[in-house]
Amino acid sequence: MRLILVGPPGAGKGTQAVQLAKHFGIPHISTGDIFRSNLKAETELGKLAKSFMDKGELVPDSVTNEMVRDRFKQADVKKGFLLDGFPRNIAQADELSRILQEVNLNLDAVLELQIADAEIVRRLSGRRTCKECGAIFHQEFEPSKQKDVCDKCGGSLYQREDDKESVIIHRLAIYAQQTKPIIDYYRTKGVLKQMSAVGTVSQISADAISLLSK
Ligand code: AMP
């Protein structure tokens with residue numbers, strides 16, 4: 001399965017990506033996760049990305065595209081892949097086509113997770129992320145057993161700078177302007193599949209798997 005997951009911030013792409021990657025036995029490639037791990041390791045790439053990420057802006061294409069091109073040099077992508085958070089604009093989608101051509105791979109599907117803006121703000125502003133292992137909790141829907149402590153590793157939970165309400169609203173505007181056009185781009189290519197991102201995590205995974213298996 002060679003898959004792209006698209007959807008606004010807060011649609012649950014990260015959560016679903018983990019489930020789907022496990023189900024299909026393919027690597028989960030999240031550009032946001034790669035940036036966050038570089039940020040944590042204080043690499044040059046991390047320092048560069050931080051100012052954009054904190055404001056909810058896109059990291060420049062030249063940087064992001066090269067990072068993805070590098071990732072596609074690893075052999076594991078031959079068994080399939082799930083891209084989460086990339087591409088985020090038409091220029092990145094064009095670049096991805098070139099990268100896939102270079103490594104001789106085709107896309108099977110682009111799955112769009114659909115959800116209303118008001119629901120997104122509710123979901124994201126309550127989200128808490130583990131500083132250590134990246135596990136995600138939600139103050140309202142999936143609280144950790146002990147406040148601000150990760151159930152999985154005991155690390156401390158924090159609110160990502162880009163999950164603050166003013167930043168969320170800005171990210172939604174960027175999504176509408178820059179990322180939404182890729183939906184039509186992939187529709188034209190005949191690979192687009194769309195589904196609702198409202199429901200329980202397991203229900204949405206099951207729907208996604210059945211849609212992708214058609
Ligand atoms: P995410 O975890 O996918 O929401 O990504 C977090 C942040 O990383 C985004 O708000 C951007 O600042 C940056 N980022 C992730 N993926 C991309 C991308 N494909 N292009 C540009 N910036 C990105």
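In listed order, ligands and their atoms are each counted from 1.
Inclusion of R88 in the set of residues having an N or O under 3.5 Å from an N or O of ligand 1 is warranted. The distance criterion of under 3.5 Å between nitrogen or oxygen atoms is met by G85 with respect to ligand 1. Checked against a 3.5 angstrom limit, the closest N/O atoms of G56 and ligand 1 fall outside it. Considering both main-chain and side-chain atoms, D84 never comes within under 3.5 Å of ligand 1 through any nitrogen or oxygen pair.
Residue pairs meeting the side chain to side chain donor-acceptor pair (under 3.5 Å) criterion with at least one member in residues 81-91, sequence neighbours excluded: H28-D84, D61-N89.
Atoms of ligand 1 found under 4.0 Å from any heavy atom of T31 (numbered from 1 in listed order, with element): 15 (C), 16 (N), 17 (C), 19 (N).
Between R71 and D76 there is a salt bridge, since at least one side-chain N of the basic residue sits less than 4.0 Å from a carboxylate O of the acidic one. A salt bridge does not link R98 with D94: none of the charged nitrogens is closer than 4.0 Å to a carboxylate oxygen. A salt bridge is absent between E57 and R171: the closest approach of a Lys/Arg side-chain nitrogen to an acidic carboxylate oxygen does not fall below 4.0 angstrom. Contact check on E102 versus R69 returns a salt bridge, with a Lys/Arg side-chain nitrogen under 4.0 Å from an Asp/Glu carboxylate oxygen.
Applying the 6.0 Å contact sphere to NZ of K78 captures more than 12 heavy atoms from other residues, nucleotides or ligands. Under a cut-off of 6.0 angstrom, the local environment of CD in E140 is crowded, with over 12 non-hydrogen atoms contributed by other residues, nucleotides or ligands. Open room surrounds NZ on K50; 12 or fewer heavy atoms of other groups in view lie less than 6.0 Å from it.
Of all the heavy atoms of R171, the ones lying under 4.0 Å from any atom of ligand 1 belong exclusively to the side chain. Neither the backbone nor the side chain of K50 has a heavy atom within less than 4.0 Å of ligand 1. If you look at T64 next to ligand 1, the close heavy atoms, those under 4.0 Å, all belong to the side chain.
Scanning all protein heavy atoms for the shortest distance to atom 23 (C) of ligand 1 gives F35 CE1, 3.7 Å. Here the protein heavy atom with the shortest distance to atom 20 (N) of ligand 1 is Q92 NE2, 2.9 Å. When only non-hydrogen protein atoms are considered, atom 22 (N) of ligand 1 lies nearest to V59 N, 3.0 Å.
Heavy-atom distances between K13 and ligand 1 stay at or above 4.0 Å for every pair.
Scanning K55, R36, E57, Q178 for the heavy atom closest to atom 11 (C) of ligand 1 points to E57.
Think of F137 as one node in a network of Ile, Leu, Val, Met, Phe, Trp and Tyr side chains linked at under 4.5 Å; its network also takes in L157.
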